[in-house]
2 protein chains.
Amino acid sequence: MSANSRLTIAAHALAWIGLYQRQGHPVATSEQIADSANTNPVVIRRLLGELRAAGLVESHRGAGAGWTLTRELAQITLLEVYDAVDTGPLFALHRGTPNQGCVVGHGIQPAMTNIYAGVEETVREELRKTTLEDVLQAVLAAR
Amino acid sequence: MSANSRLTIAAHALAWIGLYQRQGHPVATSEQIADSANTNPVVIRRLLGELRAAGLVESHRGAGAGWTLTRELAQITLLEVYDAVDTGPLFALHRGTPNQGCVVGHGIQPAMTNIYAGVEETVREELRKTTLEDVLQAVLAAR
DNA sequence: CTCCATCGTAACTATTGTTGTTACATCAGA
DNA sequence: TCTGATGTAACAACAATAGTTACGATGGAG
């Protein structure tokens, strides 16, 4: 699986904005965040754009523009971020269609779909338990 | 995330072998399984090779060769298959190293590593609850 | 003891998805 | 009007999985 880092970068960005605001700065720029995450500002803008579509952040344009949180970090769960960035399914079915003339080929996809749905639900429950404030506190605890 | 289908194909192959053996056939060939899964025999051989390394199947060479289960389907959990095929982490950290001179950049990886470890553990618990016999029964129930 | 079906495996290509980069239009406050 | 930022398209770079071809190795059947 090519695990993807979108959830990690999104959490990083939100934690960064939250801490920055807490330090008295009104807005954070994609360039500042990109510098912290060691990536390109466009990557950050794309990701924050998805978070904005989910209502987690706001952006402002023009001079002195940037990004702000719409809620406290404690009011944002990792599940919301996960849904916002839409990382796709954890497990995939067959790339092509299995042989429908075979009993196993015919029944395997519905069977695995059910199983995977159950797994994804437990993942969602787990992500719902963690807020971005938890993430920031864990970040600050690393010394 | 580029979800991968390795777990799906592995479950498909095991269910196929189990059903085939139950029908009185001693061994299954990678070509038969590939035909059911609509993929290439080499893909199946590679995957079953990993399952063999984990002790879930045996292979025999020479004429009349093929694959056999080493245990009943009911004695194999999806977790064992998941571990055997080693799909890698569900979530990735940053591709590059975040800015260690930044508080968030410094602490984010340990923080997310912990969180992801918890999520993966719940996934493992969930996969442990399902056996390949459960998979086969679900397959046969699809009509 | 030869034949041949099948595995074992290397090497390469194809495909897919993510990430990184460049470029530039757009916006809005000073 | 200038300026610093976002918005977004387009494309390149990179990585991982999957598919394919090729061929050597094995070992039971005859």
Side-chain angles (χ1 to χ4, degrees), chain A residues 1-10 12-13 17 20 25-53 57-68 85-99, chain B residues 1-10 12-13 17 20 25-53 57-68 82 85-98:
Chain A
M1 162 176 321
S2 68
N4 82 46
S5 61
R6 293 156 59 73
L7 180 56
T8 300
I9 303 295
H12 186 146
I17 298 171
Y20 199 58
H25 303 92
V27 298
T29 70
S30 60
E31 186 164 358
Q32 294 170 318
I33 300 165
D35 180 62
S36 172
N38 188 23
T39 183
N40 192 293
V42 174
V43 172
I44 299 299
R45 290 205 289 269
R46 278 199 293 237
L47 217 35
L48 287 180
E50 296 179 53
L51 299 185
R52 179 186 50 216
V57 296
E58 283 177 349
S59 65
H60 297 282
R61 306 180 64 162
W67 303 84
T68 52
V85 300
D86 188 27
T87 56
L90 256 22
F91 302 103
L93 296 180
H94 309 64
R95 182 178 288 191
T97 304
N99 185 343
Chain B
M1 159 179 322
S2 67
N4 82 47
S5 61
R6 292 156 59 75
L7 180 57
T8 300
I9 304 294
H12 185 146
I17 298 171
Y20 198 58
H25 303 91
V27 298
T29 69
S30 60
E31 186 164 359
Q32 293 170 318
I33 300 165
D35 181 62
S36 172
N38 188 22
T39 182
N40 191 291
V42 174
V43 172
I44 300 299
R45 290 206 287 271
R46 277 199 292 235
L47 216 34
L48 287 179
E50 295 181 52
L51 299 185
R52 179 187 50 217
V57 296
E58 283 178 349
S59 66
H60 298 281
R61 305 178 64 160
W67 303 85
T68 52
Y82 178 73
V85 300
D86 187 29
T87 55
L90 258 21
F91 302 102
L93 297 181
H94 309 63
R95 183 179 286 191
T97 304

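Side chains are part of it too, since the values below use all heavy atoms of this structure and drop only hydrogens, waters and symmetry mates. Protein chains get the first letters and strands the later ones, always in sequence-line order, with residue 1 at the start of each.
Note: CH2 (A:Trp67) to C1' (C:dC27) measures 14 Å, nearest angstrom. Look at CG on A:Leu47: it is 14 Å from P on D:dT6, rounded to the nearest Å. The separation between A:Arg6 atom CZ and C:dG20 atom P is 12 Å, rounded to whole Å. Remark: P of C:dG20 and CD of A:Glu31 are 15 Å apart, rounded to the nearest angstrom. We find that NE2 of B:His94 is positioned 17 Å from P of C:dT18, with the value rounded to whole Å. Rounded to an integer number of Å, the gap from CG of B:Leu48 to C1' of C:dT6 is 13 Å. With rounding to whole Å, B:His60 atom NE2 is found 15 Å from C:dG8 atom C1'. With rounding to whole Å, A:Ile17 atom CD1 is found 10 Å from D:dT6 atom P.
Remark: side-chain polar atoms of B:Glu50 are not paired, donor with acceptor, to backbone N or O of B:Leu47 under 3.5 angstrom. A:Asn99 places no side-chain N or O within 3.5 Å of a backbone atom of B:Ala37 that could act as its donor or acceptor partner. Judged by distance alone, with hydrogens and angles left aside, the side-chain atoms of B:Ser5 form no donor-acceptor pair with the main-chain N or O of B:Thr8 at under 3.5 Å. With A:Arg52 contributing its side chain and A:Val57 its backbone, the two residues share no donor-acceptor pair below 3.5 Å.
Under the side-chain contact (heavy atoms from CB on, under 4.5 Å) criterion, B:Ala13 pairs with B:Ile33, B:Leu48, sequence neighbours left out.
Ring orientation note: the planes of A:Phe91 and B:Tyr82 are nearly perpendicular, at an angle over 60° on the 30°/60° scale.
Between the side chain of A:Arg52 and the base of D:dG7 there is no donor-acceptor pair of N/O atoms closer than 3.5 Å.
Using a 4.0 Å heavy-atom distance criterion, A:Gly64 is classed as making no nucleic acid contact.
Residues from residues 34-44 of chain A lying near DNA chain C, meaning a heavy-atom separation below 4.0 Å, are A:Thr39, A:Asn40, A:Val42, A:Val43 in numerical order.
Note that CD of B:Glu31 and CZ of B:Arg45 are 9.0 Å apart. Values are rounded to the nearest 0.5 Å. To the nearest 0.5 Å, the span separating CG on B:Asp86 from CG on B:Leu7 amounts to 11.5 Å.
Among the nucleotides C:dG20, C:dT6, D:dG19, the one closest to the side chain of B:Ala65 is C:dT6.
Side-chain contact check for A:Asn40 versus A:Val43: some heavy-atom pair is nearer than 4.5 Å.
Looking at which nucleotide of DNA chain C each of A:Arg46 and B:Arg45 is closest to, the 5′-most match is held by B:Arg45.
Side-chain nitrogen and oxygen atoms of B:Ser5 include at least one within less than 4.0 Å of the OP1 or OP2 phosphate oxygen of D:dA18. Note on B:Ser30: a side-chain N or O is less than 4.0 Å away from OP1 or OP2 of C:dC7. OP1 or OP2 of C:dG8 has at least one side-chain nitrogen or oxygen of B:Ser59 nearer than 4.0 Å.
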Check the interface with nucleotides 28-30 of chain C: list each N/O to N/O pair with the protein under 3.5 Å, or write none.
{"residue": "C:dA28", "atom": "N3", "partner": "A:Ala63", "partner atom": "N", "Å": "3.4"}

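With hydrogens and angles left out, the side-chain atoms of B:His94 and A:Thr39 include no donor and acceptor closer than 3.5 Å.
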